[in-house]
Amino acid sequence: MTQQNSSPSMKTAKEVEEFARRQDTKNRLLLASPAILIITLFAAGPLLIVVLYSFLTAGDYGNVKWIFSTDGWFSVFMQRDIFDDTLQIADAHVSIFWRSIKLSLLTTVLTAAFGIPTAYFIATRPLSQRNLWLFLITVPFWTNLLVRTIAVMELIRGEGVINNVLRWAHIIDDPIQMMFTDFAIAFGMTYVYLPLMVLPVYASIEKLDFRLVEAAYDLYANRWKCFWRVILPIVKPGMIAGSILVFVPSLGAYITPRVLGGGKNLMFGNLIELQFGQGRNWPLGAALSISLMVLVMVALLYYVKVSGGDDNNEHR
Amino acid sequence: MNSNKPEDSVAIDVQSVTKIFKGETEVLALDDVSVQVRENEFFTLLGPSGCGKTTLLRLIAGFEHPTDGRIKLHGSDISLLPPNKRPVNTVFQNYALFPHMTVAGNIEFGLEMMGQAKAERSATVDRMLALVQMEELKNRRITEISGGQQQRVALARALAPHPKVLLLDEPLSALDLKLRKEMQIELKRLQHETGITFVFVTHDQEEALTMSDRVAVMSAGKILQVGSPRDIYDHPTDRFVANFIGESNFLNAELTKVSKGKGMIKLASGAELDASLPSDAPAVGPVSILIRPEHSQLTKRSSKAPLSGSIDNIVYFGTDTHFHITLETSEAFTVRTQNKPGFEGAFQIGDQVSLTIEPDAVQVLKD
Ligand SMILES: Nc1ncnc2c1ncn2[C@@H]1O[C@H](COP(=O)(O)OP(=O)(O)OP(=O)(O)O)[C@@H](O)[C@H]1O
Ligand SMILES: [Mg+2]
């Protein structure tokens with residue numbers, strides 16, 4: 001294409017090719033530059049800052065002093081006893097990690113339990129109705145997260161809707177304590193993250209060719225076998241995507257556990273926030289953030305490996 | 001026509017089946033259809049798009065249930081059984097192979113669902129792979145094989161459980177011409193080797209004629225005629241059937257005599273000819289008759305000939321030539337003659353000619 005503009009001297013095919021290749025690389029770099037810029041500015045940059053901060057010393061009133069220190073990382077897992085200065089495992093942190101993982105897993109399972117049938121229901125509606133159902137599923141998502149969380153609080157608090165109804169029906173006499181429990185957090189997160197499960201699962205069920213279901217029935221499968229051997233393996237990618245989309249933000253959730261879990265039932269997100277706020281220990285906060293990221297990455301790798309495996313192995 | 005087959009017992013007996021799809025508008029997909037498919041035969045449902053072929057097949061498979069009427073398999077009523085309880089398998093038009101399984105996994109699926117033991121299953125899978133010549137691709141994923149190969153896997157999968165009846169819904173329509181011809185032969189071979197009754201759906205008349213033991217021609221939810229390919233081609237009893245399969249000359253004539261299933265017709269020229277009659281023979285009087293273009297020959301003008309006219313046009317087709325003729329009754333008539341090497345032909349456009357009609361060439365139509 002560019003031969004006309006270049007020097008009039010004869011060129012061998014090889015030279016032309018080489019020129020085109022270089023031109024190509026240049027063009028590609030040019031085309032990719034906005035993406036590269038954005039990734040550097042908004043992803044890699046901040047991440048590097050966080051890594052950097054995690055190796056600095058905490059300032060007295062927040063912020064950091066530019067002195068190298070591993071105290072932040074040290075305090076992620078260990079603590080010194082206030083009285084005799086002996087080293088201990090930071091069991092407060094460990095229990096928060098554990099609760100975060102537990103509640104996130106629970107949330108993922110609950111969103112799957114409610115979300116998959118919902119997605120199936122929507123995907124099997126007539127085409128004209130599906131968009132309405134999808135719309136209804138996503139409407140809460142347009143509302144501020146805090147407002148939605150407070151709405152959940154209205155449901156489950158002592159004088160809330162659920163307790164009032166139960167008392168009115170004389171099923172219980174005293175209100176059930178639901179606020180400020182792990183249940184409240186899981187309940188709230190399930191509600192908040194449900195669309196993130198429904199949408200990808202819906203997409204994969206909608207793509208499912210129902211003729212495959214007919215083929216399974218034709219080949220003597222009953223309903224259960226058909227679901228287990230044909231529908232499930234084909235919808236699995238959607239379920240994996242949904243689980244990841246729910247699990248990851250659950251693990252780092254901040255507002256929901258803060259509002260519904262109260263001060264006692266901290267999750268990872270609250271612990272991090274604490275270090276940047278009242279705790280005034282930015283290096284610890286930064287180290288915790290990175291720990292969370294590593295945790296998520298390890299969990300994802302493990303999950304994808306376990307669930308994304310080749311499903312044909314059983315046939316061989 | 002099929003009496004040379006050892007067994008003439010009925011495999012599938014469709015008894016006055018009507019199917020109405022209820023939706024925003026009601027669709028009458030099958031209108032009081034009755035047909036019998038014999039054991040071990042290659043039976044074809046032929047008809048234009050939307051005539052109800054797939055619907056009939058789905059009713060036999062069990063994916064739909066008749067609005068009215070019954071379907072029997074070897075004498076027992078299966079109308080209400082779900083598909084997984086019917087010893088009938090389907091080769092789907094789009095194959096519907098399980099994308100998450102290997103070739104072998106697909107073939108094994110039905111056997112596994114039937115509860116066969118592992119060893120027996122593997123043996124059957126290997127036998128099926130050999131039958132469709134796919135041994136090398138045993139462990140390939142479905143997404144990693146070609147359309148023609150998928151076709152073979154779909155066949156093997158449906159044949160593996162050794163169903164009483166195999167249903168095939170336009171299984172060759174996605175293949176290119178060459179592959180299609182190959183698979184036509186292949187299908188005949190498979191049917192012969194397995195001895196399974198095949199019910200084959202197509203809208204391609206050539207495919208129907210070359211492959212079938214018997215053909216049912218459908219139109220608008222009805223079966224118009226059932227018979228051997230030869231029967232259907234030489235003696236279509238219905239104008240639609242005649243038009244749908246091959247080319248036709250329709251003439252007005254008068255039926256003068258009916259005896260023992262044979263008739264005598266009189267043409268406008270006064271010539272009288274023997275004629276085949278449809279099963280429910282019409283009364284004596286004016287009728288429509290059919291003569292295939294190749295069942296007539298051109299001769300020099302003669303007053304004794306049954307038909308005479310002038311040549312309007314001559315179209316050369318390589319293997320044969322079409323003469324378009326306007327008869328003295330001003331009806332149009334086409335004659336097809338086979339070309340012989342080095343023979344230019346003795347007739348020119350505008351020539352006055354007469355036509356001879358071969359014996360057994362006249363068919364009286366129902367209408
Ligand atoms: N599920 C359905 N709901 C409503 N109408 C249907 C349904 N299935 C088929 N029909 C209608 O029934 C008629 C027969 O359809 P069918 O699929 O049996 O035709 P076909 O002969 O197989 O045609 P083709 O050669 O195009 O596959 C058509 O008018 C079609 O629109
Ligand atoms: Mg069809």
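Numbered from 1 within each chain, the chains take letters A, B, ... in sequence-line order.
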*Asks:* Do any of residues 149-168 of chain B have a heavy atom less than 4.5 Å from a heavy atom of chain A, and if so, which, in residue order?
*Replies:*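 Residues of residues 149-168 of chain B touching chain A at under 4.5 Å: B/R157, B/P161, B/P163.
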*Asks:* Take B/M101 and A/R229 through the test side-chain contact (heavy atoms from CB on, under 4.5 Å) and record every step on the way to the result.
*Replies:* CA-CA 10 Å; B/M101 295 181 193; A/R229 294 294 307 280; 3.8 Å; yes
*Asks:* For B/F98, which atoms come within 4.5 Å of any heavy atom of chain A: side chain, backbone, both, or neither?
*Replies:*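 For B/F98, backbone and side chain are both near chain A.
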*Asks:* Is it true that, when you exclude B/R189 itself, more than 12 heavy atoms of the residues, nucleotides or ligands shown sit nearer than 6.0 Å to its CZ?
*Replies:*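 Yes, CZ of B/R189 has more than 12 neighbouring heavy atoms, counting only those of other groups under 6.0 Å.
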*Asks:* Donor-acceptor check, side chain of B/N84 to backbone of A/A221, threshold 3.5 angstrom: yes or no?
*Replies:*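 Yes, because the side chain of B/N84 sits within donor-acceptor range (under 3.5 Å) of the backbone of A/A221.
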*Asks:* Around atom CD of A/E17, are there more than 12 heavy atoms from other residues, nucleotides or ligands closer than 6.0 Å?
*Replies:*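 12 or below, so no.
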*Asks:* Quick one: closest heavy-atom pair of A/P233 and B/H100, and the distance?
*Replies:*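 Nearest heavy atoms, A/P233 then B/H100: CB-CD2, 3.4 Å.
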*Asks:* Other residues, nucleotides and ligands only: do more than 12 of their heavy atoms fall within 6.0 Å of NZ on A/K102?
*Replies:*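 Correct, the count exceeds 12.
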*Asks:* In terms of heavy-atom pairs under 4.5 Å, which option from B/K138, B/M114, B/R121 contacts chain A the most?
*Replies:*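 That would be B/M114.
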*Asks:* Would you say the side-chain atoms of B/N89 pair up with the backbone N or O of A/D218, donor to acceptor, closer than 3.5 Å?
*Replies:*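 Pair found, side chain donor or acceptor close to backbone of A/D218.
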*Asks:* Supply the atom-to-atom distance A/R211 CZ to B/F63 CZ, rounded to the nearest 0.5 angstrom.
*Replies:*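 Spacing of CZ (A/R211) from CZ (B/F63) equals 11.5 Å.
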*Asks:* Take a 6.0 Å sphere around NE2 of B/H192 and say whether it holds more than 12 heavy atoms from other residues, nucleotides or ligands.
*Replies:*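 Atom NE2 in B/H192 is not crowded, with 12 or fewer foreign heavy atoms closer than 6.0 Å.
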*Asks:* Holding to side-chain hydrogen bond (donor to acceptor under 3.5 Å, both in side chains), I want the full list of residues that pass it with A/S104, two or more places apart in sequence or in another chain.
*Replies:*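 Listed in chain order: nothing, the list is empty.
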*Asks:* Determine whether A/N222 and B/P82 make a side-chain contact, defined as any pair of heavy atoms from C-beta on separated by less than 4.5 Å.
*Replies:*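 No, their side chains stay 4.5 Å or more apart.
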*Asks:* Looking only at heavy atoms, what is the nearest atom pair of A/A215 and B/A96, with distance?
*Replies:*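 Closest pair (atom of A/A215, atom of B/A96, distance): CB-O, 3.8 Å.
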*Asks:* For the atom pair CG (B/L97) and CG (A/D209), what is the distance rounded to the nearest 0.5 Å?
*Replies:*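 That separation rounds to 10.5 Å.
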